[in-house]
Amino acid sequence: MDAFRLEVQYPKEQILEFYSNLFHVHGTGQGLAIAARYYFDKEVSELTLPEISFVAGSVKAPANYTPFR
């Protein structure tokens, strides 16, 4: 599914939520909440912008984690 069709069907916030709950985190589980705990021992709401950027940059092969396959 291409980006245009996704944006027609879902708001950007929901697309981000889908994606952020799919990626795998070093054998401990998947999703942003797991990554926040694994890397920084924090809740997602406590992460700073540099920490969020680190998590986003640590995702390998992000195309593999599309929630729409």
Side-chain angles (χ1 to χ4, degrees):
M1 188 175 279
D2 64 5
F4 177 75
R5 290 191 309 175
L6 283 176
E7 289 188 31
V8 168
Q9 199 167 9
Y10 302 97
K12 285 182 173 41
E13 293 82 7
Q14 192 172 11
I15 295 168
L16 178 61
E17 181 181 344
F18 291 150
Y19 174 76
S20 65
N21 287 312
L22 278 179
F23 67 91
H24 190 71
V25 182
H26 295 282
T28 60
Q30 63 185 38
L32 187 54
I34 298 293
R37 277 277 167 224
Y38 179 81
Y39 290 119
F40 303 107
D41 195 28
K42 294 181 177 181
E43 297 295 322
V44 173
S45 61
E46 298 171 328
L47 293 178
T48 64
L49 184 57
E51 291 167 340
I52 292 168
S53 298
F54 174 83
V55 171
S58 70
V59 177
K60 291 180 172 56
N64 292 338
Y65 297 105
T66 177
F68 304 105
R69 280 193 215 179

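Note that the CD atom of Q9 and the CD atom of Q14 stand 9.0 Å from one another [nearest 0.5 Å]. Atom CG of L49 and atom CZ of F54 lie 14.0 Å apart (nearest 0.5 Å). How far NZ of K12 is from CD of E7: 3.5 Å, rounded to the nearest 0.5 Å. Note that OG of S53 is 10.0 Å distant from CG of L47, once rounded to the nearest 0.5 Å.
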Go through it in stages, so that I can follow the logic: the residues are K42 and E51, the test is side-chain contact (heavy atoms from CB on, under 4.5 Å), and I'd like the CA-CA distance, side-chain angles, deciding distance and then a yes or no. CA-CA 10 Å; K42 294 181 177 181; E51 291 167 340; 2.9 Å; yes
Under the side-chain contact (heavy atoms from CB on, under 4.5 Å) rule, what do F40 and T48 come out as? Steps first, then yes or no, please. CA-CA 10 Å; F40 303 107; T48 64; over 6 Å; no
side-chain contact (heavy atoms from CB on, under 4.5 Å), that's the test. Do D41 and R37 meet it? Break it down for me. CA-CA 4 Å; D41 195 28; R37 277 277 167 224; 3.1 Å; yes
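Across every non-hydrogen atom of V55 and A35, the tightest pair is CG1-CB, 3.7 Å.
I52 and L16 end up in different hydrophobic clusters when Ile, Leu, Val, Met, Phe, Trp and Tyr side chains are linked at under 4.5 Å.
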